[in-house]
Asks: 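Provided herewith is a single structure, encoded as structure tokens, for subsequent inquiry.
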Protein chains: 2
Amino acid sequence: MGEKRATVRDVAARAGVSPGTVSKALNGTGQIARETRARILAAAEEIDFRPNALARSVFERRSYTVGLITTDSFERFSVPVMLGAEDALGAGRISVFLCDSRDDPIREQHYVDVLLGRRVDGFIVTGRTSNERAPLEVSADVPVVYALTPSARAGDCSILVDDVAAGRLAGEHLIRLGRRRVAHLTGSEWFDASRRRAAGLASALADGGLSLAVPPLFGDWTEAWGRQATHMLLRSAPDVDAIYCGNDILARGVADSLRELGRRVPEDVALIGTDNWEFIAHGARPPLTSVDLGLPAVGRLAAQRLLDAIAGNPHAGREHVPCHLVVRASTDDAAPPT
Amino acid sequence: MGEKRATVRDVAARAGVSPGTVSKALNGTGQIARETRARILAAAEEIDFRPNALARSVFERRSYTVGLITTDSFERFSVPVMLGAEDALGAGRISVFLCDSRDDPIREQHYVDVLLGRRVDGFIVTGRTSNERAPLEVSADVPVVYALTPSARAGDCSILVDDVAAGRLAGEHLIRLGRRRVAHLTGSEWFDASRRRAAGLASALADGGLSLAVPPLFGDWTEAWGRQATHMLLRSAPDVDAIYCGNDILARGVADSLRELGRRVPEDVALIGTDNWEFIAHGARPPLTSVDLGLPAVGRLAAQRLLDAIAGNPHAGREHVPCHLVVRASTDDAAPPT
DNA sequence: TTGAAAGCGCTAACAG
DNA sequence: CTGTTAGCGCTTTCAA
């Protein structure tokens, strides 16, 4: 049962050399006779030797690990980010500690302390919204990169989605389609994301010589609000020919209500969502054109920036990852249905 | 910048004692004079001393970490499990390494090797389905617990949802409601989960003296299939008064089609989904009654079993976590609409 | 009650 | 080329 695991010493004994030599052979450091090297590798193999990364880390004063902290319980937004990050970090032979702070500062600080004790090389902090958050309290000189949710402290490195560009992308697409009466329907006004997407849309429309048919409708991020808002909208502006929604859920509700009210999508009303949440966008009737915010790219870039910082080249300030439009049937009658 | 972090030595120097004494004071080992102890704690505080967990682990020969491996890219099913596990492990002061194997055995083995090098105390393996999977290859005596997806090797510890009970729960509820013409509509026949839920439903109906109005309809897990299957179903069995669906997505499609075909839910047809995916079940019209499989509980129990195994008390074999029914408007006309 | 010394497993510097 | 030595930061005998 509790057989101790093989050590460098064990390998050395088995190969008839000294521990130092084993270390060199295994790490390719220094000069080793081919034959000796082979013997050592064989011995290591035979006793299933696995170098103790912990011991090495004590010596190297770094652990090749990073902490991934989310305030979001790894919900819809942080999961893609985290996968992107894990992907990029894994390539750099770095392992990732998972921490769910549940939006509780106490819990978060606890995780930070524990992980500092484990000598993580850095942190990635991610959260639900585009809103600012308080910076992480790391007394030591450990780099931190914020993903999705920027640090309020100027100079901290934050990797973000580009909400303004998202709105612009939608607006430009609608203009290209020749729509003239555009409405915007979105979630809570307390989200920076909502306001920025609305601003982006307005600016693109303005560039095309248009303005919103009615002021943006703020509400919450639910399908029910999407349905309700559609009714309100068609009452106040029955002639709208395009609706851009702050997320895909809303857009689904809108699509359902439009259909039930006898408006065809996209013929009568073109519809665009945000997030490109495959499962939702694809399942809607008709499938939704949507702005993809590039969440995995946010994670990958954050990881890259963190690796850079760890290597001694910190980046400062905020960076936005480009978004792109995924066109489906809700704006393109040539697109295949269902 | 690169200031070395404080060590036991530094604290010792500052407090005018020896490193050994510091260790004792900080860990509450041995006998220490109150006054000395206070002095040491103060010194540690002042220079922000944080014990190096790595060094301690080298000595203790364990790391107080576990590897959490998913084949599922942390999608809908593994996320709740993983949160449950993280929750339970965090309480035991254990940190969690995150690994996304993406269903690639090579990648998975790579992660296992890396984490064994980091001397993890154990592994939790989770995945998408209730189907069996090949056991993890861990040569060393490191415990492994499977969550959601059982190991094919007898005697391995697997914590699972109870698909049969889920089907039974749905069936019993429908019988209680007095429904007589029950249909079942589900996803791929290749999923053990589909077959087991169907079996559970059938057995509950049999206990109530009923049988399925038509054989189960297997398809895929999409909303589109839910809609299509509804049309098929109403053609072959126009008098059904209840439908149990293998997941909530399907049930949503069914709800939409029923409404469009002029059947009222729940008055004409009672509808039950599976998974209790809040966002879906709640957003549907009407909100869906659904079987909650208890995913976070699976994660928590898996964590508990792993902790036990690490402590030297391994559990063997498969355990099922109980599921429960969440009643909403789709089976209960007294439930509030929306 | 405290200090000195040895060691966890590994690596790097320096001899030989 | 290879072995010896010393040391990473911490803990634990064992003396004092």
Side-chain angles (χ1 to χ4, degrees), chain A residues 2-41 43-44 47-65 93 114 116-121 140, chain B residues 2-41 43-44 47-65 114-121 140:
Chain A
E3 347 211 353
K4 284 172 54 178
R5 276 191 258 180
T7 73
V8 168
R9 263 182 170 66
D10 300 332
V11 177
R14 196 158 224 282
V17 294
S18 78
T21 308
V22 170
S23 175
K24 283 171 212 150
L26 260 31
N27 297 307
T29 348
Q31 305 285 65
I32 298 275
R34 300 187 73 75
E35 199 273 331
T36 316
R37 188 181 149 75
R39 196 147 35 88
I40 291 175
L41 291 182
I47 59 179
D48 190 35
F49 171 71
R50 225 176 279 278
N52 186 329
L54 268 33
R56 180 185 242 272
S57 289
V58 172
F59 183 84
E60 274 207 68
R61 290 209 196 70
R62 62 169 289 196
S63 63
Y64 294 90
T65 61
R93 315 205 55 42
V114 169
L116 284 176
R118 294 193 187 279
R119 297 299 186 264
V120 290
D121 300 337
Chain B
E3 347 211 353
K4 283 172 58 180
R5 277 192 255 180
T7 72
V8 168
R9 261 182 171 67
D10 300 331
V11 177
R14 197 157 222 282
V17 296
S18 77
T21 308
V22 171
S23 174
K24 282 171 211 148
L26 262 31
N27 297 306
T29 347
Q31 305 285 69
I32 298 275
R34 297 188 74 76
E35 199 274 330
T36 317
R37 189 183 147 74
R39 196 148 33 89
I40 290 175
L41 291 183
I47 59 178
D48 191 35
F49 171 70
R50 223 177 279 280
N52 185 330
L54 269 33
R56 179 183 243 274
S57 289
V58 171
F59 184 85
E60 273 206 69
R61 292 211 192 68
R62 62 168 289 197
S63 63
Y64 295 90
T65 61
V114 169
L115 292 191
L116 285 175
R118 294 193 188 280
R119 296 300 187 263
V120 290
D121 300 337

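Side chains are part of it too, since the values below use all heavy atoms of this structure and drop only hydrogens, waters and symmetry mates. By convention in this document, chain letters (A, B, ...) are assigned in the order of the sequence lines, proteins followed by strands, and residues within each chain are numbered from 1.
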Asks: Looking only at heavy atoms, which two atoms of B:Arg56 and B:Asn27 are closest? And how far apart?
Replies: NH2-OD1, 3.3 Å
Asks: Given D:dT11, D:dC1, C:dT1, which nucleotide is nearest the side-chain atoms of B:Ala33?
Replies: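 It is C:dT1.
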Asks: Measure CD/B:Glu35 against C1'/C:dT2 and give the value in whole Å, please.
Replies: 13 Å
Asks: With heavy atoms under 4.0 Å as the rule, sort A:Ser57 into base, sugar-phosphate or nothing.
Replies: nothing
Asks: Base, sugar-phosphate, or nothing for A:Val17, non-hydrogen atoms under 4.0 angstrom?
Replies: sugar-phosphate
Asks: Calculate the interatomic distance between B:Leu26 atom CG and D:dT11 atom P; express it in whole Å.
Replies: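 Checked: the CG to P distance equals 8 Å.
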Asks: From CZ of A:Arg56 over to C1' of C:dA12, roughly how many Å is that when rounded to an integer?
Replies: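 Atom-to-atom, A:Arg56 to C:dA12, this comes out as 11 Å.
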Asks: Atom CG in A:Asn52, atom OG1 in A:Thr7: separation rounded to 0.5 Å?
Replies: 10.0 Å
Asks: Where the side chain of B:Gln31 is concerned, which of D:dT13, D:dT11, C:dT1 is the nearest nucleotide?
Replies: C:dT1
Asks: Are A:Ile40 and A:Leu26 close enough that some pair of their side-chain heavy atoms sits under 4.5 Å apart?
Replies: yes
Asks: Is the phosphate of D:dG3 approached by A:Thr21 (side-chain N or O, under 4.0 Å from OP1 or OP2)?
Replies: yes
Asks: Mind listing the closest non-hydrogen atom pair of B:Leu54 and A:Arg118 along with its distance?
Replies: CD1-O, 3.4 Å
Asks: I need the CD1-P distance between A:Ile40 and D:dT2, as an integer number of Å.
Replies: 7 Å
Asks: Would you mind reading off the distance between B:Phe59 atom CZ and D:dG7 atom P, rounded to a whole angstrom?
Replies: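 In whole Å, D:dG7 P lies 20 Å from B:Phe59 CZ.
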Asks: Starting from C1' on D:dG9, measure out to CG on B:Asn27 and report it in whole angstrom.
Replies: 13 Å
Asks: Are the side chain of A:Arg39 and the backbone N or O of A:Ala15 linked by a donor-acceptor pair below 3.5 Å?
Replies: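 It does hold such a pair.
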Asks: What's the closest nucleotide to the side chain of B:Thr36 if the choices are C:dA12, C:dG9, C:dT1?
Replies: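 That would be C:dT1.
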Asks: Starting at NZ of B:Lys24 and ending at P of D:dC14, how long is that distance when rounded to a whole Å?
Replies: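 The distance from NZ of B:Lys24 to P of D:dC14 comes to 13 Å, rounded to the nearest Å.
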Asks: Would you kindly compare B:Ser18 and B:Arg119 by the position of their nearest DNA chain C nucleotide and give the one closer to the 5′ end?
Replies: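 The residue whose closest nucleotide sits nearer the 5' end is B:Ser18.
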Asks: Kindly point out which of D:dG9, D:dT11, C:dC8 is positioned nearest to the side chain of B:Arg61?
Replies: C:dC8
Asks: A:Tyr64 has an atom OH; how far is it from atom P of C:dT11, in whole Å?
Replies: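 Atom-to-atom, A:Tyr64 to C:dT11, this comes out as 11 Å.
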Asks: Within less than 4.0 Å of OP1 or OP2 of D:dC8, is there a side-chain N or O belonging to B:Thr7?
Replies: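 For D:dC8, neither OP1 nor OP2 has a side-chain N or O of B:Thr7 closer than 4.0 Å.
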